[in-house]
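In what follows, a structure is listed as structure tokens, so that the remarks can point back to it.
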Amino acid sequence: MTEHLILNDGHSLPEIGFGTYPLRGDDGYRAIRSALDAGYRLIDSARNYRNEEEVGRAIRDFLKESGTPRAEVMVQTKIPGRHHEHDAAIASGKESLALMGLDYIDVLLIHWPNPITGKYLEAWRALVELREQGVARTIGTSNFTADHLAAIIDDSGVTPAINQIELHPYFTQEAMRAEHERLGIRTQSWSPLGKASAPYEEPAVADAAARHDVTPAQVILRWHIQLGSVPLPKSGNAERQAENLDVFDFDLSDQEVSAISSLTRAAGRLFDGDPDTHEEM
Ligand SMILES: NC(=O)c1ccc[n+]([C@@H]2O[C@H](COP(=O)([O-])OP(=O)(O)OC[C@H]3O[C@@H](n4cnc5c(N)ncnc54)[C@H](OP(=O)(O)O)[C@@H]3O)[C@@H](O)[C@H]2O)c1
């Protein structure tokens with residue numbers, strides 16, 4: 001199973017997590033519960049996914065029924081762009097915790113910098129306070145550029161532990177990954193499979209899948225892990241959930257990793273103020 005990666009704040013993170021957008025309601029609860037049963041130990045949510053209640057309930061039920069210690073399951077959520085003012089950000093983190101019905105949030109991220117309002121420095125200072133108050137154990141960002149990261153680090157003196165960015169074979173984010181490496185920030189990959197345009201049929205992916213007797217999706221997730229980025233694949237289907245987790249019994253060669261990386265195109269679907277596609281920010 002998965003190893004744990006050590007973050008810059010001393011906490012650890014599984015090498016793969018489970019994406020939960022747009023899982024919600026009873027079907028969402030069942031899918032998240034099934035992911036926990038399959039072995040996922042990092043669940044990625046957000047206020048904007050409107051599923052923190054379902055995520056929290058699935059985790060609580062799983063812990064109770066399986067006897068798994070709370071410390072073995074990590075929940076991650078994100079404060080939205082409309083909650084960046086200091087007091088709103090503090091309230092938002094606390095509301096997320098209340099919605100989930102847990103004793104603490106393992107990882108709390110700023111969902112996106114929302115540069116038009118320009119309040120992400122305040123939001124970051126609020127996250128630092130929420131960590132001091134024990135509401136969240138690890139804090140980080142999502143969709144932050146190198147300039148946004150530099151600004152919050154300069155302002156607060158606190159480096160995020162994680163920056164979650166769009167990353168897949170068509171958008172390999174080399175410059176951001178290098179910046180994260182330089183700053184000691186762990187990269188997480190959103191839309192790790194490429195979602196709408198998954199490169200399953202690209203020879204670099206399909207040939208590696210045939211050579212290792214795995215599926216194209218497994219090759220892509222393994223590529224993320226070998227890059228050192230934590231992929232957060234979403235699947236509402238129990239078989240694909242298990243498939244996506246079963247990526248620890250083979251290694252891609254350096255040539256295979258490079259061939260997949262060379263699929264990158266000029267631009268990804270990088271957020272334009274709407275990172276999770278159609279949710280109110
Ligand atoms: N921070 C941000 O701004 C941001 C933005 C977007 C996403 N995210 C996070 O990242 C997570 C993942 O991103 P995503 O959902 O956009 O993309 P993704 O995980 O790359 O792709 C999900 C799609 O792939 C399908 N799929 C999953 N496993 C598969 C497999 N083994 N074979 C074939 N198809 C497979 C799923 O369908 P089925 O469900 O039918 O299996 C779904 O249609 C989200 O759930 C969310 O947690 C964050």
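Everything quoted here is computed from the prediction, not taken from an experiment. Counting starts at 1 for both ligands and their atoms, following the listed order.
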Which ligand 1 atoms does [X] reach within 4.0 Å, using its non-hydrogen atoms?
X	result
L193	20 (O), 26 (N), 27 (C), 28 (N), 29 (C)
P233	19 (O)
Y200	32 (N), 33 (C), 34 (N), 35 (C)
G236	38 (P), 39 (O), 41 (O)
S191	10 (O), 12 (C), 13 (O), 14 (P), 16 (O), 17 (O), 18 (P), 20 (O)
L232	10 (O), 11 (C), 12 (C)
G194	20 (O)

Margin query: So that I know where these two stand, are F250 and H212 an aromatic pair - ring centroids less than 6.0 Å apart?
Written below: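 Yes, ring centres under 6.0 Å apart.
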Test your reading of the structure: does [X] have an N or O sitting under 3.5 Å from an N or O of ligand 1?
X	value
A217	no
S235	yes
K78	no

Backbone, side chain, both or neither: what part of [X] comes under 4.0 angstrom of ligand 1, heavy atoms only?
X	answer
S142	side chain
N143	side chain
T20	backbone
Y49	side chain
K234	both

Next item on the list: Scan D246, D251, D249 and name whichever one has a salt bridge (Lys or Arg N to Asp or Glu O under 4.0 Å) with R222.
Entry: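 Of the listed options, the one satisfying the test is D251.
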Next item on the list: Scan side-chain atoms only and decide if H83 and S92 contain a donor-acceptor pair under the 3.5 Å cut-off.
Entry: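 Distance-only check passes for H83 and S92.
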Next item on the list: Measure up the F171 and H168 rings against each other and bin them: parallel (under 30°), tilted (30 to 60°), perpendicular (over 60°).
Entry: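 Plane angle between 30° and 60°, so tilted.
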Margin query: Going by ring-ring contact (aromatic ring centres under 6.0 Å, His included), name the residues that satisfy it together with Y29, two or more places apart in sequence or in a different chain.
Written below: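 Residues passing ring-ring contact (aromatic ring centres under 6.0 Å, His included) with Y29: none at all.
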Item checked: Results of ring-ring contact (aromatic ring centres under 6.0 Å, His included) for Y104 - residues two or more places apart only ->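 Partners of Y104 under the ring-ring contact (aromatic ring centres under 6.0 Å, His included) test: none.
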Check: Under a single-linkage definition using a 4.5 Å side-chain heavy-atom cutoff for Ile, Leu, Val, Met, Phe, Trp and Tyr, are L149 and V128 assigned to the same hydrophobic cluster?
Finding: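 Same cluster.
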Notebook entry, point to check: Per the side-chain contact (heavy atoms from CB on, under 4.5 Å) rule, which among D44, L42, L232, I32 passes with F18?
Noted result: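 When side-chain contact (heavy atoms from CB on, under 4.5 Å) is applied between F18 and each of D44, L42, L232, I32, only I32 qualifies.
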